[in-house]
Amino acid sequence: MKQPLANQVYDTPLDEIMDRWKRDSSYLIEMLQDVQEHYRHIPEEAARRLSEELDVPLNRVFHIATFYKGFTLEPRGKYPIAVCTGTACHVKGGSRILENVMRELGVEREGQATQDLLFSVESVRCLGCCGLAPVVTVAGEVHGDTSTVKTLKIVEELRKHAQSS
Ligand code: FES
């Protein structure tokens, strides 16, 4: 179903996303997922255009964009960090890792991006690999048996990589 149109030149990524889903409002959530992936958040302008072009009330677009945890109205970091605070990870210090990493990155709330827009931190409930507790994912990559120091080391490596590229 999800097929980009061949050889099409688009004015904006949003046009491409809407065409990918045939501008059919029944795929609004899928379009929002693509918008989130592309922009790392749901920009207000994108929400307004989706509302107008798909003939969906703006408050419905915002309702979906704020209801699902996968969507944010402010930009996430390029490398999102998810710290598991499910039971097994919490027992092994997951919640402390979350607090420490947020403090070290200078973010006050979950989902807020760092000033350089490279990182954001969120808690998640059980990533399904409790045997590896405590677990953190960085940019979707799973790191088990981790700690604050190990997580911050990954952060530093990614920051260096971003600065050199
Ligand atoms: S509780 Fe963390 S992976 Fe299950």
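Worth knowing before you read on, the calculation uses all heavy atoms, side chains too, and leaves out hydrogens, waters and symmetry mates. In each ligand, atom 1 is the first atom listed, and ligand 1 is the first ligand listed.
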Chemist: Within the 4.0 Å heavy-atom shell around Gly86, which atoms of ligand 1 are there?
Modeler: 1 (S)
Chemist: Does one hydrophobic cluster hold both Leu158 and Val149, with members joined at side-chain heavy-atom distances below 4.5 Å?
Modeler: no
Chemist: Strictly under 2.8 Å, is atom 4 (Fe) of ligand 1 approached by any N, O or S atom of Cys130?
Modeler: yes
Chemist: Which ligand 1 atoms does Ala88 reach within 4.0 Å, using its non-hydrogen atoms?
Modeler: 1 (S)
Chemist: Measure the spacing between CG of Leu152 and CZ of Phe119 and express it to the nearest 0.5 Å.
Modeler: 9.5 Å
Chemist: Starting from atom 3 (S) of ligand 1, which protein heavy atom do you reach first, and at what distance in Å?
Modeler: Leu127 N, 3.4 Å
Chemist: Which atoms of ligand 1 have any heavy atom of Cys84 under 4.0 Å away?
Modeler: 1 (S), 2 (Fe), 3 (S)
Chemist: Between CG of Leu50 and CG of Leu58, what distance do you get to the nearest 0.5 Å?
Modeler: 9.5 Å
Chemist: Examine His90 and say whether one of its N/O/S atoms is closer to atom 2 (Fe) of ligand 1 than 2.8 Å.
Modeler: no
Chemist: Which distance, rounded to the nearest 0.5 Å, do you find between the OG1 of Thr85 and the CD1 of Ile97?
Modeler: 10.5 Å
Chemist: Is the number of heavy atoms from other residues, nucleotides or ligands under 6.0 Å of Arg96 CZ greater than 12?
Modeler: no
Chemist: Check if Cys129 has a non-hydrogen atom at a distance under 4.0 Å from any atom of ligand 1.
Modeler: yes
Chemist: With a 6.0 Å cut-off (strictly less than), is the heavy-atom count around NZ of Lys69, excluding the residue itself, greater than 12?
Modeler: yes
Chemist: From atom 4 (Fe) of ligand 1 out to just under 2.8 Å, does an N/O/S atom of Cys126 turn up?
Modeler: yes
